[in-house]
Amino acid sequence: MSTIVWLFLGANVVALAGLAVQLSNLSEFRRVLPVRDPEPVDVYVAMRDEAENAQAFLATLLCDSSVARVVVADDASTDATASLVAAAAAHDPRIAYVRVNGGKSAALAAAVAAYAPRTRWIAFVDADVRLRCGAAGALVRYAKTRDAAAATAWLFVDAPSLSSKLLAPLVTLFLLQALPMRAARGTDPRFSAGNGQCFVVRADAYEQCGGHAAIREIVEDVALARGLKRSGFRVALASGAAIGSVRGYATLRANLRGLGRSLFYGAGPAGCVAFALWQMSLLLSPPTLYLSRAISGWSMREPVAGVLLAPAGTALGVVLGVNALVQGLRGRLAWRGRHLSGGESAARP
């Protein structure tokens, strides 16, 4: 047979293998629903130049009576974030504030150090997330039913642009097809995943593993999951499409940079290459592509249009993998005005 035929057959084998992993993960990646009368939780959030999100984030979160306290770690914001948080705190005593400078992990570590948890369970949430009432409680209950000390969820992406609609679903699809979740249900740190947008953990487990103070990696959510597992704790993974949403990136450039940053520092150069090759294999196997996206779309409540445009999104996925590799190796990936390198972030001059 010709080389082209062998490439086609190989691509289909890879695509089908990914689909098989995805199907086996359905029982482990369950959709959680908001609960009534949940356990109280303390919520910690790192903010850096989040003036456009601060008010809406706090207002939405504090509508949930189970939120005992919200600790905002202002990571050297240069906009109106501090004043907006202060104004909100004047109307709600559940809001606490600490100002730091050093990146997300350092900010969250400082917040926990300044305001030690007063609840049995604590939550880490990003400022661009909008949770429904009972969302944190849903993850607490889910963790308990899965005999886990923590639970993390991938939320519905509120896509503001076509590029976001095409690229955002690839994050969850990659998770579902690359990670064998039955193995991830155990305590082996090699099989770890986490989503810092929505991460709930038992306070004693967080303290025992060292929390964010022990994290040196840039992708802090996966590092936290690994730290918990090294300490013998389980982390449950879930679809949070029914309990909250997160704002997607507004432009193609922002999508490539933001998603590429997580890909490069989460999976490394080899992971970027594997991601691009995986996307190419799906392009060469249209039936498998559509079936994979339909299953993922159902789990994450993805709009039908995103599934129908799956080939376009997959083609952009190839670009994403290659771009992440190139920009990462050149040291050009940044977050909120900070260049990223290794386990540290440095302010841009």
Under the side-chain contact (heavy atoms from CB on, under 4.5 Å) test, which residues partner [X], sequence neighbours left out?
X: Pro303; answer: Phe156
X: Thr251; answer: Arg253, Ala254
X: Ala116; answer: none

Considering residues at least two apart in sequence or located in another chain, which fulfil the salt bridge (charged side-chain N to carboxylate O under 4.0 Å, His left out) criterion with Arg234? Asp147

Anything under 3.5 Å between a donor and an acceptor, one on a side chain of residues 268-288, the other on a protein residue two or more places apart or in another chain? List them.
from   : atom 1 : to     : atom 2 : distance (Å)
Trp278 : NE1    : Gln177 : OE1    : 2.8
Ser281 : OG     : Trp278 : O      : 2.6
Ser285 : OG     : Asn12  : OD1    : 3.0
Ser285 : OG     : Thr288 : OG1    : 2.8

Atom pairs and distances, donor-acceptor, side-chain atoms in residues 293-301, under 3.5 Å, two or more places apart:
from   : atom 1 : to     : atom 2 : distance (Å)
Arg293 : NH2    : Glu302 : OE2    : 2.5
Arg293 : NH2    : Gly306 : O      : 3.1

Please enumerate all residues that pass ring pair (Phe, Tyr, Trp, His ring centres under 6.0 Å) together with Phe264, with sequence neighbours excluded. none

Can you pull the side-chain hydrogen bond (donor to acceptor under 3.5 Å, both in side chains) pairs that have at least one residue in residues 307-330, sequence neighbours excluded? none

Side chains of residues 148-155: which donor-acceptor pairs under 3.5 Å do they make with residues two or more places apart or in other chains?
from   : atom 1 : to     : atom 2 : distance (Å)
Thr152 : OG1    : Asn195 : N      : 2.9
Thr152 : OG1    : Asn195 : O      : 3.1
Thr152 : OG1    : Cys198 : O      : 3.1

Could you work out the complete set of other residues in the hydrophobic cluster of Leu308, with links drawn between I, L, V, M, F, W and Y side chains under 4.5 Å apart? Val304

Apply the hydrophobic cluster definition, ILVMFWY joined by side-chain contacts under 4.5 Å directly or through others, and give me every member besides Tyr290. none

Ring pair (Phe, Tyr, Trp, His ring centres under 6.0 Å) contacts in which one or both residues fall within residues 74-123, not counting sequence neighbours: none

